[in-house]
There are 2 protein chains.
Amino acid sequence: MVPHGSSSGRSADFHAHHAPVGALASVTAGRQLGRSGPSCESGRAGEGGLMLGYREAAGAIRLLPLFPLSASDRERYVQGGGAGERALRPFAAAEVRRDYGWATDRWSAGDLVAEILTPVEALPDPAHAPLAAQRDAFVPAVLLRLTVSNPSEAAREAVFALNLPDHKWLPTDGLAGMKSRAGISFACADADAYVFSAFDLESPLQRRWPLQPRFGLGSVAGVAVPVPAGQTRTLTVAIGFWKPGIVTAGRSMAYWYTRLFSGVEDVLGHALGRAGAVAAACARRDAELAGSGLPAERQFILAHATRGYHASTQLLDDGGRPRWVVNEGEYLMLNTFDLTVDMAFHELRFSPWALAGVLEQFACEYRYSSRVYDPAEPARLLPGGVAFTHDMGVANTWSPAGRSSYEVDGLDRACFSHMSCEQLTNWVLCAGLYWARTRDGGFLDRHRGLLGECQASLLNRDHPLPERRRGFMQCEDERCRGGGEITTYDSLDHSLGQSRANGYLAGKMWAAHVILAELLTAGGRADLAGASLAAAKRAAAAIAACADPASGVMPSLLTDPASAPIIPAVEALAYPWAMGLHAACRDDGPYGAMITALRRHLQAVLREGICLYADGGWKLSASADNSWASKIHLCQFVAETVLGVAQEQAAAARADRAHADWQRLGAADHGVSDQFTAGTAKGSLYYPRIVTAVLWLP
Amino acid sequence: MVPHGSSSGRSADFHAHHAPVGALASVTAGRQLGRSGPSCESGRAGEGGLMLGYREAAGAIRLLPLFPLSASDRERYVQGGGAGERALRPFAAAEVRRDYGWATDRWSAGDLVAEILTPVEALPDPAHAPLAAQRDAFVPAVLLRLTVSNPSEAAREAVFALNLPDHKWLPTDGLAGMKSRAGISFACADADAYVFSAFDLESPLQRRWPLQPRFGLGSVAGVAVPVPAGQTRTLTVAIGFWKPGIVTAGRSMAYWYTRLFSGVEDVLGHALGRAGAVAAACARRDAELAGSGLPAERQFILAHATRGYHASTQLLDDGGRPRWVVNEGEYLMLNTFDLTVDMAFHELRFSPWALAGVLEQFACEYRYSSRVYDPAEPARLLPGGVAFTHDMGVANTWSPAGRSSYEVDGLDRACFSHMSCEQLTNWVLCAGLYWARTRDGGFLDRHRGLLGECQASLLNRDHPLPERRRGFMQCEDERCRGGGEITTYDSLDHSLGQSRANGYLAGKMWAAHVILAELLTAGGRADLAGASLAAAKRAAAAIAACADPASGVMPSLLTDPASAPIIPAVEALAYPWAMGLHAACRDDGPYGAMITALRRHLQAVLREGICLYADGGWKLSASADNSWASKIHLCQFVAETVLGVAQEQAAAARADRAHADWQRLGAADHGVSDQFTAGTAKGSLYYPRIVTAVLWLP
């Protein structure tokens, strides 16, 4: 558990997602006096407030500052004036300590400890796992524990409440709790719980309407339990999510959890019944991270990233078959492929079936076949081959087959252009990672033909004429109609944004060739592997050759020596390495010249003014102030583990602190985020992709 | 059609609802450069923008100012500076004329005429009517017509678009249109329509991405059709609403329209196919109102009120049986009974089955039986009887049987207390109106027992001991637990807010007694009618007796001569009158002394400083600055038609203009509203109840 709060020197004032798996839902909390609480399908923090605390006998209600205050209230509370005028007394920021673990987020203030528990466990394959295991793994609920000690001589009440604008509350059936039509619910298992709804929190706790604790029009609802003098009591509450029926457009699907549970009360009851087991599992996972040997700031980043990933996950019921979706954070795009490939490292650990499921969806529904052209002669279409879309839709809205929600035809290397070549590499890279992890022969068999098509398409996107192949992407997809493709770094300048001749993408093509050779061989098509190995050699040679002989610095565009250097030149080494193909990544291996050149490049650019910010954080491109946290962490893994390029200890600590503070300070309102400009999150908020940090773990 | 806009002297800058029947949905439009457009289940105006206009050949896009502009854009457009800098050029307020009819809302500006068509027709009973009639009446869609003339020498395009934040658009199947997962859709029937979605309107109309008019991430979507030089073309668009599946909590129900239509495309196709018939029906209804002889301001109010009523209607599918709900405007309470009784006059004209359905729901599910107490001795519970709840739930969330969402036990004559006695009168009054209109013998048979219970309960709520009955409510419902009941005027002072001894409620009790005698006799229980007739006489005597002999003014509280006078002392005369029981309302009838006294009272208080505002508008209570438009119009009917108290022509015209301007200016942001403080809407926004104005019609 990484301590946060004033005494630790780390800000505790930031939002984190607290999410079940597969419900596209989160109980977002942490920003002081900011909007928070449960939300579904929104890609933002909740719009309400999470009220956790206790009512003292004298009437004061002490709460963690995890709910919003109006401007006038805020002034009174925060400036300290007139706190006695009203019953509601949030703890001041300085009074709150926050301990942040992989699975537990814990706030301590006054006589209160509040924890939100979000287990980090291996997930059973929903296509095959027994119902009981699935109910445990995919229950759409989040557990909270409030422990209130009462050293006073009068009774207190431990209090949990939600303030959700526009929500109206109905009692849960047979449980002490409330539920709303919008699909939010909560309950506790305490027989002596006082369950209420009202316009505000003070009225029910002061028993202003003692004869009727439930008011049908109130948007505040909660539970309170007595804490006798001299005792300590823990109140466990489950917050549930429930969206029944068809929830998608374009293709009609429901949430998978509606197959596993009969309704709101089943969800809440199951979650509460598992509270002990969940708390123990969370404690084990917290201890694992604490004992990992990772620096505290990296522990924080990994824990924060894991929460963001879970909040974006969505397990759907596609006519009886499970369908896995990771939403693209605030943008809510479905299974954005250039995120899938980065998040694969997390899924290989916890849910390899999820990665396979996304690959199947791309193979069956979101692939296309297209011709290519040399940008020098855009009207002449040449043989191309298979490619994959950027995503599968947006905001629960499935795009037509073969089309993403994002890509627009006819753009020239601008945001929303096609990413055909990069997504093609991503299918191959993910397939390789999945196969290496599982040795799933059925997968290889099923996609033998597609792997051959991928090989042909990759070669043609260099150039359809073998004699004109140079080892990197030269030809554009016909969907660009004379324009040009982009990479996942869509909002960057051409150093990373342009696909053609890009060193970053050349690396991914190299990795795809290496992996294709491996997969083709494993699949019984060793006869085809040679072409991929030759292509890998060509790519490696092109990359190695572009380095400036004097400085060792490589340009971002292999064909433009003046183009700015980029860190992600090294990124693609992660894929063969993670498959165990270490030889491919060694100086004495078949691509040794490239490896040596990449190491020299990285060492040359990891300097302030080139690819380091003044705060020590990594700057992906020397020419653009827009750095992706997920990619930084991925490249840190490559640098440290694959290339053996370690920053000096002080510099490394400064970088870790900078990257952690980008999240805590620069993305305080948004939960874990990806795109930072000078340390402030400017896009890709509330994002799942940062789980590349899992690569840091042994 | 009542003209609005600068040349007419009437502001055109106000929101109006444009709603189908039974979908709890509206296309709200009219506020200049304000948020507008379609919304469902929200109780507010749409959060988006409705973009209607045409693109000139030179590129300028001329639009009606019915969509929101950012603050900076607004400055540029409204101040007139730099309009040439961007393509989007809304018409200035002074250029727009708005003609407001009962069924047509028409804007004219430049070469454009735009109309929103919302038919006002008798509604078939969904329990019995043929499917075809139901599909016509309850299609969840609103039709718009844009007529663009092109006197220029170059082609133009007529343009319809919606800008709905957070909406993502999919193409409609087999129709030129788009639909969103949130249930909003639109389409036209033009084969040459250009259908688009984008981040803004300019990009698609300027063909910036010519190769792909549909962009999956855009929240703006629309259609455009060419208007050749020298020609005029009409573009007809249907905006559809579609919320499938269970949409309620507490009790599980779907929208009735999901039984009538197979999906979004069926809705849009049906609406478009009926465009000619709908336009003709709307024109007939517009002409009917224009020819009614009503002053123009009253025509406006009635048309505005009708739109508000339709926007709050919701026809649900309760396990195969239709269930009618009118939502309480912005508050979204279901079938608030003290609104039902006022809206009954509209429903008797257009949908008597709807009124009967609400009465059945109250009789079966939202009635209760309670004891009463004399406030002098609150601990001693006495026999009471049947009563009805204030409402049936809120925001698609059904309350438990016998409980409303609004009422709270144990309050003393404060907002959210019980309205037991008033709602009891409301069931009787509505039943009387329904029976008089339909002579539905089955209804009388079914509720014979309940009518007897209503009689007993009404008598007991005066006093359980016959010798202590005084002709008005003396005893409080036990749910008040020592406190006291309120009336529908819940946010007023005791002059109208307190039930006990209230002259307004005494009038409704008198009317209920009169009507009960009628219903009991008609139902074959003439033996019971005598008790009601005696009670009616007692009530009339008490009301007549409270008038000040010198001035004729009656106090609001019959037991407190110092209490402020109120206009609604006369309100209840409307009910027997509307049933045809005119003798009960005549000076020479059985209650003649009361009638004479009420007329004298009304003439005495209808003066500025007492019950008239400085602008000539009616002030319901001399002691409170909070006037309900619905109740004013109801009392105007009683004054003019029942009591023959007509204001002088100039004063009447000032009053009508004031009441119309309260809506147009005081509620400009909200659509038709009910509660006004000094001419500004302060509550009960976006409201259905103002259809009491239908009583003005012959």
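Residue numbering restarts at 1 for every chain, and letters A, B, ... go by the order of the sequence lines. All figures in this text were calculated on a predicted structure; none of them were measured in a lab.
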Tell me, side chain or backbone of A/Leu217 under 4.5 Å from chain B's heavy atoms, or both, or neither? both

Contacting region of A/Asp391 [heavy-atom separation from chain B under 4.5 Å]: neither

If you check every heavy atom in residues 203-216 of chain A against those of chain B, which residues fall under 4.5 Å? A/Trp209, A/Leu211, A/Gln212, A/Phe215, A/Gly216

Residues of residues 327-335 of chain B within contact distance of chain A, non-hydrogen under 4.5 Å: B/Met333

When heavy-atom pairs shorter than 4.5 Å are enumerated against chain B, which of A/His167, A/Arg403, A/Lys168 gives the highest number? A/Lys168

Side chain, backbone, both or neither: which part of A/Thr248 has a non-hydrogen atom closer than 4.5 Å to chain B? backbone

Enumerate the residue pairs fulfilling salt bridge (Lys or Arg N to Asp or Glu O under 4.0 Å) with a member in residues 242-254 of chain A, sequence neighbours excluded, ordered by first and then second residue. A/Arg251-A/Glu365

Closest heavy-atom contact between A/Arg181 and B/Val247? NH1-O, 2.8 Å

Would you mind telling me which of B/Asp409, B/Ile246, B/Val408 has the largest number of heavy-atom pairs within less than 4.5 Å of chain A? B/Val408

Heavy-atom pairs under 4.5 Å with chain A: which of B/Ser399, B/Ser405, B/Ala249, B/Gly43 has the most? B/Ser405

Please name all residues satisfying side-chain hydrogen bond (donor to acceptor under 3.5 Å, both in side chains) with A/His670, sequence neighbours left out, ordered by chain then number. none

Top of B/Tyr406, B/Trp398, B/Phe416 for chain A proximity - count of heavy-atom pairs under 4.5 angstrom: B/Phe416

Select, from A/Gly410, A/Gly218, A/Ala395, the one with the greatest count of heavy-atom pairs under 4.5 Å involving chain B. A/Ala395

